[in-house]
Protein chains: 2
Amino acid sequence: MNNEARAKKRVTLADVAKQAGVSQMTASKVMRNTGSISEATRDRVTAAARDLGYVPNRLAGSLSSQNSDIVAVILPSINDTIYGDVVRGINEVLRPHGYMTFIGENQFDTELEEDIIRSVLSLQPAAIILTGGINRSEAAFRMLKNWQCPIVQIWDDSKSGFDGSVSPSHEAGGALVAQHFVDRGFKAPAYIGAELSKDLCAARRFDSFKSKLQAFGVVPFEVTDEALPRRGETGQTLVARLMETRPETDAIYCLNDAIALGALSWLHDNGYDVPNQVAVAGFNGTSLLQVVRTRLTTVDVNRERLGQVAAKAVVSLLNGEDIAEQTVLDTQLVQGNTT
Amino acid sequence: MNNEARAKKRVTLADVAKQAGVSQMTASKVMRNTGSISEATRDRVTAAARDLGYVPNRLAGSLSSQNSDIVAVILPSINDTIYGDVVRGINEVLRPHGYMTFIGENQFDTELEEDIIRSVLSLQPAAIILTGGINRSEAAFRMLKNWQCPIVQIWDDSKSGFDGSVSPSHEAGGALVAQHFVDRGFKAPAYIGAELSKDLCAARRFDSFKSKLQAFGVVPFEVTDEALPRRGETGQTLVARLMETRPETDAIYCLNDAIALGALSWLHDNGYDVPNQVAVAGFNGTSLLQVVRTRLTTVDVNRERLGQVAAKAVVSLLNGEDIAEQTVLDTQLVQGNTT
DNA sequence: CAGGCTAAAGTTATCGATAACCTAAGTGTT
DNA sequence: AACACTTAGGTTATCGATAACTTTAGCCTG
């Protein structure tokens with residue numbers, strides 16, 4: 001073997017062992033801090049590992065030991081700020097326990113999710129945290145159910161069928177806004193949303209909003225569009241349609257905060273007085289909203305805590321402890337200056 | 001082996017092969033679409049795989065074939081909206097090529113980054129995309145340099161020492177704002193920022209801003225704080241300090257858009273007229289800003305494109321093609337209604 | 001000082017898949 | 001009919017680490 005070939009080869013445990021003058025197994029024990037090893041040997045091995053720049057090959061390690069420290073997290077989109085907070089919460093809890101998080105995005109797409117799940121399972125994760133409220137394929141569900149690892153579903157508060165579930169109550173979310181609209185005496189409320197057939201949790205909030213209003217004898221007007229993305233610009237489009245079709249609208253509940261912001265900007269640009277002429281409410285409590293001078297009325301979900309609770313559930317399950325099958329986190333209406 | 005034990009065991013390629021009545025190698029070839037396989041055999045194997053719910057074990061596969069389809073992406077924080085866009089861009093390009101992205105967060109922390117890098121390398125990724133502009137430890141740098149896989153650095157436009165680099169020009173970013181301030185005739189410009197010792201790119205923008213102004217004989221006032229986080233709330237705190245210390249300030253350049261938004265909200269709450277009394281500019285072109293009624297003047301970076309370009313570079317490298325050592329993406333000043 | 005015990009190491013088989021090579025049967029060519 | 005070639009499939013060794021077990025030497029105890 002010439003120098004060039006040797007240079008290309010990665011340093012393995014065998015190299016470390018040879019350099020330290022011990023068996024591979026001893027080196028392995030030193031790296032993992034198990035077994036009984038004399039201090040002198042331990043030092044020789046760690047020194048050798050450092051000298052050679054040894055980085056363990058976890059593929060081999062996990063394959064052999066049949067356990068992994070990867071926790072897979074499957075989200076609709078990392079781009080959505082709400083999940084950023086969730087992931088932060090998850091990491092805060094998981095990292096100190098030595099787990100790494102692997103994130104997959106499903107873009108609310110059924111087929112893509114099945115694909116992602118297959119990819120993620122193929123990495124043999126220790127546990128899985130997955131976002132619900134998506135149309136999951138039967139095949140994907142079965143694959144997960146048959147997989148022998150802890151699975152916790154988040155965000156979705158309907159019964160999950162997995163080991164645990166951590167979420168806000170979407171029903172409460174919708175109802176809170178309905179109640180608020182009634183309390184403030186709005187007569188012609190409306191709802192705007194997009195892709196409701198994909199985002200089942202948003203659909204649940206909407207349903208709850210509707211039925212709560214109906215209990216007060218009010219039927220909200222609705223403008224939804226399955227083809228538009230769940231982004232701020234869509235809020236502008238939808239609210240434009242809404243106000244054109246039904247100018248007397250005096251309160252608008254929006255699918256989420258991003259859409260609410262879009263709606264607000266359109267209303268402002270078109271000379272509407274918010275909240276005196278039209279009120280606006282959203283869902284999520286996105287952090288940016290706390291510093292922008294328009295303080296959107298919204299239903300606040302503590303997303304970081306949601307991540308923490310889910311991660312703690314995972315850790316408990318991995319330690320063989322029992323967990324609550326379902327945890328529903330508090331949600332509360334935060335009144336800003338838009339209603 | 002009783003039923004219970006069998007139920008716990010995961011389905012392996014050997015099981016699929018047995019069920020299909022072929023050798024393991026043949027089954028493997030079918031799963032990977034290589035080798036020459038008769039249609040009949042192919043069908044039997046795929047049917048068996050489907051029936052048994054076979055999910056390949058990629059740890060074993062990668063270990064054996066010595067290649068992986070994981071591309072590791074190391075970011076300061078997923079929570080920061082700017083990286084969400086970058087990741088989206090990366091995924092858009094990488095997924096069609098069959099690569100999965102693995103995201104690690106370093107929180108701008110030197111030691112944590114070293115840890116994360118070690119963890120990530122231990123998964124034997126096919127390639128690495130890492131964010132620069134952080135104080136990287138010598139050990140981490142060496143580990144990466146010695147690793148035999150394509151590495152592309154993003155966000156940081158200083159020379160990286162890796163295979164490629166894709167970034168905006170931070171120097172241009174700072175200079176653009178300085179020029180803009182001069183053009184608009186501001187006499188008492190200031191800068192606010194936090195954690196500049198950690199975020200080296202922000203520091204570079206600031207330096208460039210300063211020296212460009214100095215070329216016009218203006219010395220900006222500065223309020224920075226190493227202890228505060230790079231968030232919106234910090235913008236409020238810093239601008240409060242700034243206006244108290246130097247009330248005649250007529251233009252403020254902020255470390256990023258989040259801090260700029262915080263500054264804006266404080267200024268508004270405290271009765272300042274933006275932009276007539278004080279102007280505000282940021283850096284990034286965060287998407288939310290496009291729909292909020294305050295349109296922040298900012299330097300726009302196409303983050304999704306940045307991700308795409310970096311991912312394309314990775315794909316090229318993985319295909320053995322050469323790439324440009326450094327790609328500097330266009331940045332431009334987008335004037336909103338705050339300056 | 002034999003038997004039992006512990007500490008510190010080493011041996012062997014294995015995880016699940018694949019690279020590299022090999023075999024056997026069928027095809028075509030001259 | 002003999003040879004080269006292709007097609008479909010199988011055999012064997014290996015990736016890097018670890019579980020489970022074994023060995024060896026030193027030590028204590030009665």
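The chains referred to below are lettered A, B, ... by the order of the sequence lines, with proteins before strands, and numbering in each begins at 1. In this text the structure is predicted, and so the values were computed from the model without any measurement.
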Worked check of side chain to side chain donor-acceptor pair (under 3.5 Å) between Q124(B) and S68(B): CA-CA 7 Å; Q124(B) 316 290 114; S68(B) 131; over 6 Å; no

Test salt bridge (Lys or Arg N to Asp or Glu O under 4.0 Å) applied to D85(A) and R305(A), step by step: CA-CA 9 Å; D85(A) 294 330; R305(A) 203 169 114 66; over 6 Å; no

Full working for side chain to side chain contact (heavy atoms under 4.5 Å, CB included) between I128(B) and V71(B): CA-CA 6 Å; I128(B) 301 172; V71(B) 173; over 6 Å; no

CA sep, side-chain torsions, deciding dist, call: D115(A), R95(B), salt bridge (Lys or Arg N to Asp or Glu O under 4.0 Å): CA-CA 11 Å; D115(A) 248 37; R95(B) 185 131 35 198; over 6 Å; no

Earlier contact from the 5' end, DNA chain D, for G21(B) and L13(A): G21(B)

V120(B), I74(B), L130(B) screened by side chain to side chain contact (heavy atoms under 4.5 Å, CB included) with L144(B), the one that passes: L130(B)

Step-by-step salt bridge (Lys or Arg N to Asp or Glu O under 4.0 Å) determination, R42(A) to E39(A): CA-CA 5 Å; R42(A) 175 178 304 283; E39(A) 196 154 338; over 6 Å; no

Test log, rule salt bridge (Lys or Arg N to Asp or Glu O under 4.0 Å), inputs K18(A) and D15(A): CA-CA 5 Å; K18(A) 200 190 306 175; D15(A) 301 325; 5.1 Å; no

Pull out every protein N or O sitting under 3.5 Å from an N or O of nucleotides 19-21 of chain C, one pair per line with the distance.
{"unit_1": "dA19(C)", "atom_1": "OP2", "unit_2": "R32(B)", "atom_2": "NH1", "d": "2.7"}

Which atom of F162(A) lies closest to which atom of I151(A), heavy atoms considered: CB-O, 3.5 Å

Ring-face cation contact, W155(B) with R303(B), 6.0 Å cut, 45° max: no

Nucleic acid contacts of residues 37-60 of chain B, taken as heavy-atom distances under 4.0 Å to DNA chain D: I37(B), S38(B), T41(B)

5' to 3' contact window, DNA chain D with chain B (heavy-atom distance under 4.0 Å): dT7(D) to dG16(D)

Side chain to side chain contact (heavy atoms under 4.5 Å, CB included) between E304(B) and V86(B), worked out: CA-CA 5 Å; E304(B) 184 169 354; V86(B) 173; over 6 Å; no

